[in-house]
Amino acid sequence: MPDHPNSSRTVLLTGVAGFIGSHVAEALLARGDRVVGLDNLDDFYDPGVKRATLEAIRSGPHGARFEFVEGDIRDEERVLSLLASSDARDVVHLAARAGVRPSIQQPALYADVNVRGTTVMLEAARRTGVERFVMASSSSVYGNNAKVPFAETDDVSRPISPYAATKRSCELVAHTFHHLYGLPVACLRFFTVFGPRQRPDLAIMKFMRLMSEGRSIPMFGDGSTSRDFTYIDDIVAGVLASLDRIPEHGYRVWNLGGNDPVSLRDMIAAVAEAVGVEPAIDRQPMQPGDVDRTYADLTRSGAELGYAPTTPLAGGVRRQWAWARARLARA
């Protein structure tokens, strides 16, 4: 990873109470940055979990440099005043309405939060002189790409879910802001992130909970679909590297993945081994909007960011289960 080029920068981080956002906040604080975190504590999952996550950041070894602000990225006045008053010159924009399947039920909401919210963030960044803007995109933009691994230069004009369409739309809006105003923007295509604090609706966390309760595991399709699972620490390293390097590139899309796709069947087996149970499988049909596979080509992010994932699925699942077991015991 590249060295941190400046000390004690102020970063506005949206989605700070979420899975990825909280880990990025802790990493930024650990290297000496000040973090102003924005989150609306949405009830997509239990806001109490998010408040506990915020408290963990505040009470951590670098909590004195952390400030939390409750607010919505679609609130133009709030975002603009926050950027102006905090004097932040860096933005890491991770807030979004997440999930492929829910987006099919609520496409307008997803467009409003993701596309309009990102546009509000970019416009506020432009108006306040932000120097670096990093935003979360998704591997879902590749759709059912026939070519593997997926490279940033591949055609991404055929998304197959509203969520994927909103993420591709955000990349296009970001490019426009770079073209018109010279704002340096990094768009990071995350590939199936897992680890401690993973959202409860995501497969690994959901399967851990179900297995620990002795309940069956829903398996959509025949188990042959595959995902390029990426451990949270590897994602965080890529986020920080992209923040440091984006001024050299202006506008850039980078894949952040694990580079080692694992089938759904094998993922279930890895979770079962970590939990120590024999899983009961409930076979169900494939879900609309789900892609068959994801697989990140890391040539560009490796060369330009020094990005190199180090945690394979089995080891990361064991770490996630150690965290989840303690949390489930307290529930």
Side-chain angles (χ1 to χ4, degrees), residues 6 8-18 20-22 24-25 28-29 33-42 44 50 54 57 65-98 108-138 163 165-190 239-240 242-254:
N6 298 293
S8 195
R9 293 179 68 92
T10 297
V11 183
L12 176 64
L13 172 58
T14 73
V16 69
I20 299 174
S22 61
V24 171
L28 288 167
L29 292 166
D33 291 335
R34 174 174 169 256
V35 174
V36 178
L38 178 67
D39 202 297
N40 72 343
L41 303 179
D42 184 86
F44 183 77
K50 301 176 184 181
L54 290 170
I57 300 172
R65 292 196 304 278
F66 176 66
E67 176 188 351
F68 172 65
V69 176
E70 186 171 350
D72 196 302
I73 58 172
R74 295 168 291 179
D75 186 338
E76 297 178 37
E77 291 185 9
R78 187 68 177 275
V79 169
L80 187 62
S81 65
L82 184 57
L83 266 174
S85 63
S86 66
D87 200 33
R89 290 294 170 263
D90 297 347
V91 171
V92 177
H93 172 45
L94 303 180
R97 192 77 183 183
L109 176 62
Y110 274 69
D112 188 48
V113 173
N114 296 357
V115 184
R116 189 165 76 84
T118 296
T119 306
V120 168
M121 291 300 307
L122 286 162
E123 174 64 3
R126 175 191 75 81
R127 291 177 61 183
T128 55
V130 162
E131 297 169 358
R132 309 161 194 234
F133 194 104
V134 172
M135 53 169 271
S137 187
S138 167
Y163 172 72
T166 66
K167 285 298 186 178
R168 179 56 183 150
S169 298
C170 290
E171 294 180 352
L172 294 171
V173 174
H175 183 272
T176 303
F177 271 77
H178 171 67
H179 172 74
L180 291 175
Y181 310 116
L183 178 66
V185 185
C187 302
L188 307 180
R189 292 176 178 168
F190 296 153
V239 172
L240 268 59
S242 68
L243 183 64
D244 296 342
R245 289 284 176 86
I246 191 54
E248 303 167 28
H249 299 277
Y251 172 86
R252 205 64 165 152
V253 175
W254 283 301

On a heavy-atom basis, which atom in [X] and which in [Y] lie closest, and how many Å separate them?
X    : Y    : answer
G18  : D39  : N-OD2, 3.8 Å
V130 : L183 : O-CD1, 3.4 Å
T10  : D87  : CB-O, 4.3 Å
I246 : V185 : CD1-O, 3.3 Å
T118 : I73  : N-CD1, 4.5 Å
S242 : L188 : OG-CD1, 3.5 Å

Among residues at least two apart in sequence or on other chains, which ones pass salt bridge (charged side-chain N to carboxylate O under 4.0 Å, His left out) with [X]?
X   : answer
E77 : none
E67 : R34
D90 : R9, R132
E76 : none

If the condition is side chain to side chain donor-acceptor pair (under 3.5 Å), which residues does [X] pass it with, not counting sequence neighbours?
X    : result
N114 : T166
D112 : R74, R116
R65  : none

Inset, instruction - Assess whether side-chain contact (heavy atoms from CB on, under 4.5 Å) is satisfied between R78 and V69, documenting all intermediate values. - result: CA-CA 10 Å; R78 187 68 177 275; V69 176; 3.3 Å; yes
Inset, instruction - Report the residue from L13, V11, L240 that forms a side-chain contact (heavy atoms from CB on, under 4.5 Å) with D33. - result: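 It is V11; the other options fail the test.
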Got [X] and [Y] here, is their nearest side-chain heavy-atom distance under 4.5 Å?
X    : Y    : result
V24  : V35  : no
Y163 : R97  : no
F133 : H178 : no

Give a yes or no on whether the backbone of [Y] and the side-chain of [X] come within a donor-acceptor separation of less than 3.5 Å.
X    : Y    : value
K50  : N40  : no
R168 : S137 : no
T14  : L94  : yes

Among all residues two or more places apart in sequence or in another chain, which pass the ring pair (Phe, Tyr, Trp, His ring centres under 6.0 Å) test with [X]?
X    : value
F44  : none
H249 : W254
Y251 : H175

Inset, instruction - Just jot down the side chain to side chain contact (heavy atoms under 4.5 Å, CB included) partners of A165, sequence neighbours excluded, or say none. - result: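 Only P159 meet the side chain to side chain contact (heavy atoms under 4.5 Å, CB included) criterion with A165.
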Inset, instruction - For side-chain contact (heavy atoms from CB on, under 4.5 Å), just list the numbers for V16 and F66, CA-CA rounded to whole Å, side-chain angles, deciding distance to a tenth of an Å, and then say yes or no. - result: CA-CA 11 Å; V16 69; F66 176 66; 3.7 Å; yes
Legend entry - Qualifying salt bridge (Lys or Arg N to Asp or Glu O under 4.0 Å) pairs, either residue in residues 172-190, two or more places apart: E171-R189
Legend entry - Separation of L172 CG from C187 SG (nearest 0.5 Å):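 That separation rounds to 9.0 Å.
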